[in-house]
Amino acid sequence: MVMQTILLVAGIACLVAALLLVLWPRWVAAVPAFAGLALMHWSYAIDVKPMTFVFWGIATLITVGLFYLSPKGEPDGHRSSNLYVGLTAMAGGMLGILLAPRIMVLGVILGAAMGQLAYSRTPAGKWMLFPSTQFWRYFAAKGLPAIVAVSIVCIAVMGVVID
């Protein structure tokens with residue numbers, strides 16, 4: 001019982017750290033999110049299917065690769081786009097959980113896309129024009145890690161709420 005509580009608290013701490021890393025990226029947010037999901041599963045707080053672990057584990061590895069292959073920072077030196085993309089991805093995930101848990105990932109993706117679109121309309125994001133390839137490249141490089149991390153956190157939240 002004590003070990004389950006320790007694993008649960010460590011899992012929740014990892015999930016909170018992942019959300020903070022989505023907003024203020026210093027490292028890949030998907031890694032602590034995946035670790036938090038695994039710790040919560042091992043604490044018997046949630047039940048995660050093996051295929052879910054495989055899918056999100058591969059997605060986490062892809063985001064780690066993107067992190068190391070992507071240039072650091074933004075062209076203008078701002079980091080405010082992370083707040084736009086991260087907060088709207090979280091809002092989309094929570095809205096997806098409320099509407100239908102099966103479409104939660106779609107809510108995260110649409111939220112992140114809307115956040116980046118909103119950021120591209122600010123003075124700091126004018127360099128990123130919407131229907132351009134630059135917008136979609138930036139979305140793949142910066143939005144995908146946020147989508148993976150927030151989706152993993154939402155899966156853990158769904159496991160706690162639904163079970």
Side-chain angles (χ1 to χ4, degrees), residues 6-43 45-94 96-97 101 103-117 119-120 125 127-128 132-160:
I6 292 171
L7 290 173
L8 179 64
V9 169
I12 292 171
C14 285
L15 294 174
V16 169
L19 291 179
L20 291 175
L21 284 172
V22 166
L23 299 177
W24 295 283
R26 300 286 180 240
W27 198 57
V28 185
V31 173
F34 188 75
L37 183 69
L39 289 170
M40 288 187 71
H41 175 72
W42 292 329
S43 73
I46 60 175
D47 183 32
V48 182
K49 296 180 177 144
M51 283 308 295
T52 303
F53 275 121
V54 170
F55 179 81
W56 290 108
I58 292 171
T60 300
L61 291 175
I62 290 171
T63 59
V64 169
L66 276 175
F67 176 78
Y68 286 113
L69 293 175
S70 297
K72 304 300 176 239
E74 295 180 11
D76 59 357
H78 291 96
R79 290 185 155 261
S80 56
S81 69
N82 297 318
L83 292 174
Y84 282 88
V85 173
L87 288 174
T88 55
M90 290 178 209
M94 291 301 130
I97 289 173
I103 62 166
M104 177 271 306
V105 176
L106 181 62
V108 174
I109 293 169
L110 290 176
M114 291 300 112
Q116 186 172 329
L117 181 63
Y119 176 70
S120 71
W127 57 270
M128 181 187 345
S132 67
T133 58
Q134 189 174 22
F135 180 88
W136 294 111
R137 270 193 237 136
Y138 187 82
F139 184 71
K142 299 293 182 179
L144 183 64
I147 289 168
V148 170
V150 171
S151 294
I152 293 172
V153 170
C154 287
I155 288 170
V157 169
M158 276 192 315
V160 170

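Note that the structure is a prediction, hence the values are computed from the model and not measured.
The minimum heavy-atom distance linking Ile152 with Ala30 is given by the pair CD1-O, 4.3 Å. Nearest heavy atom pair, residue Leu7 against residue Ser43, reads CB-CB, 3.6 Å. Between Ile46 and Ala156, the shortest heavy-atom contact is CG2-O, 3.9 Å. When every heavy atom of Gly86 is checked against every heavy atom of Val22, the shortest pair comes out as CA-CG1, 3.5 Å.
If you take CG on Leu20 and CG on Leu15, they are separated by 11.0 Å, rounding to the nearest 0.5 Å. To the nearest 0.5 Å, atoms SG (Cys154) and CG (Leu19) are separated by 8.0 Å. The CE atom of Met158 lies 9.0 Å from the CE atom of Met94; values are rounded to the nearest 0.5 Å. Here the straight-line distance linking atom CG of Leu117 with atom OH of Tyr84 works out to 11.5 Å at 0.5 Å rounding. With values rounded to the nearest 0.5 angstrom, Leu39 atom CG is found 10.5 Å from Ile12 atom CD1.
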Show me the donor-acceptor pairs within less than 3.5 Å that the side chains of residues 51-63 make with the rest of the protein, sequence neighbours left out.
unit_1: Thr60; atom_1: OG1; unit_2: Trp56; atom_2: O; d: 2.7
unit_1: Thr63; atom_1: OG1; unit_2: Ala59; atom_2: O; d: 3.4
unit_1: Thr63; atom_1: OG1; unit_2: Thr60; atom_2: O; d: 2.7

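Tyr138 and Ser120 form no side-chain donor-acceptor contact under 3.5 Å, judged by distance and modelled atom types alone.
Looking at residues two or more places apart in sequence or on another chain, you find a side-chain contact (heavy atoms from CB on, under 4.5 Å) between Ile109 and Val105, Ile147. A search for side-chain contact (heavy atoms from CB on, under 4.5 Å) contacts involving Trp27 returns Val31, Pro32, Phe67, Tyr68, not counting sequence neighbours.
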As a quick check of understanding, evaluate side chain to side chain contact (heavy atoms under 4.5 Å, CB included) for Val28 and Leu66, giving each step before the final call.
CA-CA 9 Å; Val28 185; Leu66 276 175; over 6 Å; no
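In this structure the side chain of Thr88 never reaches within 4.5 angstrom of the side chain of Gln116, judged on heavy atoms. A heavy-atom distance below 4.5 Å is found between the side chains of Met40 and Leu8.
Looking at Val85, Leu87, Asn82 one by one, the single match for side-chain contact (heavy atoms from CB on, under 4.5 Å) with Leu23 turns out to be Leu87.
Taking the six-membered ring for Trp and thresholds of 30 and 60 degrees, Phe139 and Phe135 have nearly parallel ring planes, at less than 30 degrees apart.
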